[in-house]
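So you know, we letter chains A, B, ... as the sequences are listed, proteins then strands, and number each from 1. Note that this is a predicted model, so its numbers are computed, not measured.
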2 protein chains.
Amino acid sequence: MPMLDTVSFAAECGACPIRHRAVCARCEEDELSRLEDMKYYRSYQAGQTVIWSGDRMDFVASVVSGVATLSQTMEDGRRQMVGLLLPSDFVGRPGRASAAYDVTAATDLVMCCFRKKPFEEMMITTPHIGQRLLEMTLDELDSAREWMLLLGRKTAREKIASLLAIIARRDASLGLTRPSGRIVFDLPLTREEMADYLGLTLETVSRQISALRKDGIISLEGKRHVTVPDFDALLEEAGDDSDGGMLS
Amino acid sequence: MPMLDTVSFAAECGACPIRHRAVCARCEEDELSRLEDMKYYRSYQAGQTVIWSGDRMDFVASVVSGVATLSQTMEDGRRQMVGLLLPSDFVGRPGRASAAYDVTAATDLVMCCFRKKPFEEMMITTPHIGQRLLEMTLDELDSAREWMLLLGRKTAREKIASLLAIIARRDASLGLTRPSGRIVFDLPLTREEMADYLGLTLETVSRQISALRKDGIISLEGKRHVTVPDFDALLEEAGDDSDGGMLS
DNA sequence: CGACTTCTTGACTATTTTCAAGATGCGTGG
DNA sequence: CCACGCATCTTGAAAATAGTCAAGAAGTCG
């Protein structure tokens, strides 16, 4: 098992890449400096577990870079991913002592952690944090519900296309690719992780990716590097309405 | 189509049955009286639509009595329920102009509606509402994630057992039945609504209910009235860990 | 009591899973 | 630099689960 690594980072909130999107987005300068006093960074390697469900959790955190997954496991080993945590996403629940889900680093990961006690106190005294967290939680709830539609009603092919579209759109919104019809990105997940997210087996994931490739919806170099020649065609396969689930 | 019905209700917040659990739970007397100024009650009959996805929504609301459903529909008609709204649950999203989901009355329903504009203003000036709403939203997010596990990984039989367990537990917590091994309740949903909630067809729902009946896990009088002789046996069928997903 | 909706059950079909074998790619060490 | 070993991925064949189509039963409401 690899070890946790507490990092001394370029720790200026002012220079933080997720400053404007994370839970601290609405904070004023003085609030930020209070946050700086309770924060520390942690890095994890791809594959490392951040925390196990049920473990005591004495911090909350924002994802700074990389991708983490939230997942639940049944006694017999069946696993379902219940969230994909991207930069600026929030981890942990104020007021709860232990983790409700397994959190795993899907890629190399950096998190900005806040000691829980002072963070909770600050939530009471300053409204900006709680307001922003409410906004973010409502957004997550919408995502979770969109995912419920996928899990409950979409076919395997639609599930794969939907996941690819989400990842593609996210990369595009981070400015890593131009928002034309052609999109290129790397999958941050293994086939098994995709299966756990989509409620499928890894074999079905593999087959459907092959099928989408055969049909020219995507092309692959290696196993992770994906090219989508026509994003609209991908959305068509995903079965979403044309706006792709954008909520005003 | 039945019509909307605006009701003059026994409108005292002090006597409200959901006073201690709803979004107003933390409000002081003076805050309650501000809420009274912006509130009105509405009743709906079982089957009636409260609001359609995409419709403009100039209120937010709490469910006072009855059961409502939140659902999403794909272009080709596939439908997935994404939430079950019980007394004290909150409907609507502050800061959003239109409904993101279809809201339907599953049973006769009474809602306590707040005009959206003043409610949003009050959220900024008084922290109690936003704090409580954050708590409730985090709880809903947990429920949604529990449902994702069900939709993605459970078998049809486990899905049915899980739904029955949830309804049974809820009725018990409302004090309608004693919390012994034996539990009796009425299903608030049709087979089709159950199917939409569970990501199944109504035929599969029907078959699995018959199977649970044949195996003695439940018994039925009529189609809606259910007796669970041994609640632990039902939980076993649901595939949950023994605590039944209770979160501290 | 009768019409209509809701529900049940049967037979067949489709999709996804399971089990199994082999291919590909990646990192490490010779 | 190449080869080996391990993890990841692909593909095939058979099996299981849930879906579809269809008919009829039960319950409900007027």
Can a salt bridge be assigned to the pair [X] and [Y] using a cut-off of 4.0 Å between side-chain N and carboxylate O?
X	Y	value
A/D186	A/K223	no
B/R145	A/E140	yes
A/D76	B/R153	no

d([atom1], [X]; [atom2], [N]) in whole Å:
X	N	atom1	atom2	result
A/R78	C/dT18	CZ	C1'	14 Å
A/H225	C/dG25	NE2	C1'	16 Å
A/D76	C/dT18	CG	P	11 Å
A/K223	C/dC26	NZ	P	8 Å
A/E221	C/dT24	CD	P	17 Å
B/E203	C/dT8	CD	C1'	10 Å
B/K214	C/dT8	NZ	C1'	11 Å
B/R224	C/dC7	CZ	C1'	11 Å

Inset, instruction - State, to the nearest 10°, the angle formed by the axis through the first five base pairs of the helix from C/dC1-D/dG30 to C/dG30-D/dC1 and the axis through its last five. - result: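 Roughly 40° between the end axes, to the nearest 10°.
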Legend entry - Heavy-atom side-chain contact between B/E158 and A/R78 under 4.5 Å: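 Contact flag for B/E158/A/R78 side chains = yes.
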Inset, instruction - Start with the C-alpha distance between B/R93 and A/D139, add both sets of side-chain angles, then the distance that settles salt bridge (charged side-chain N to carboxylate O under 4.0 Å, His left out), and finish with yes or no. - result: CA-CA 10 Å; B/R93 173 166 177 168; A/D139 285 341; 2.9 Å; yes
At 4.0 Å (heavy atoms only), tell me whether [X] reaches a base, stays on the sugar-phosphate, or touches nothing.
X	result
B/S206	base
B/I209	nothing
A/T204	base
A/G199	sugar-phosphate

Inset, instruction - Using side chain to side chain contact (heavy atoms under 4.5 Å, CB included) as the criterion, point out the one residue from A/V205, A/L200, A/T201, A/D196 that pairs with A/R191. - result: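 For A/R191, the side chain to side chain contact (heavy atoms under 4.5 Å, CB included) check succeeds only for A/V205.
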Inset, instruction - Have a look at B/L234 and tell me which of B/I160, B/I217, B/I183 forms a side chain to side chain contact (heavy atoms under 4.5 Å, CB included) with it. - result: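 Running side chain to side chain contact (heavy atoms under 4.5 Å, CB included) over B/I160, B/I217, B/I183 with B/L234 returns exactly one hit, B/I217.
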Inset, instruction - Taking the six-membered ring of B/F231 (Phe, Tyr or Trp), confirm whether the NZ or CZ of B/R182 is under 6.0 Å from its centre and within 45° of its axis. - result: no
Legend entry - Axial cation check for A/F59 ring with A/R42, 6.0 Å and 45° limits: yes
Inset, instruction - Name the first nucleotide and the last nucleotide along DNA chain D (5' to 3') that come under 4.0 Å of a heavy atom in chain A. - result: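 First-to-last contact on DNA chain D, by the 4.0 Å heavy-atom rule, is D/dT8 to D/dA13.
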Inset, instruction - Side chain of A/R207 only, please: which of C/dT8, C/dT17, C/dT9 is the nearest? - result: C/dT17
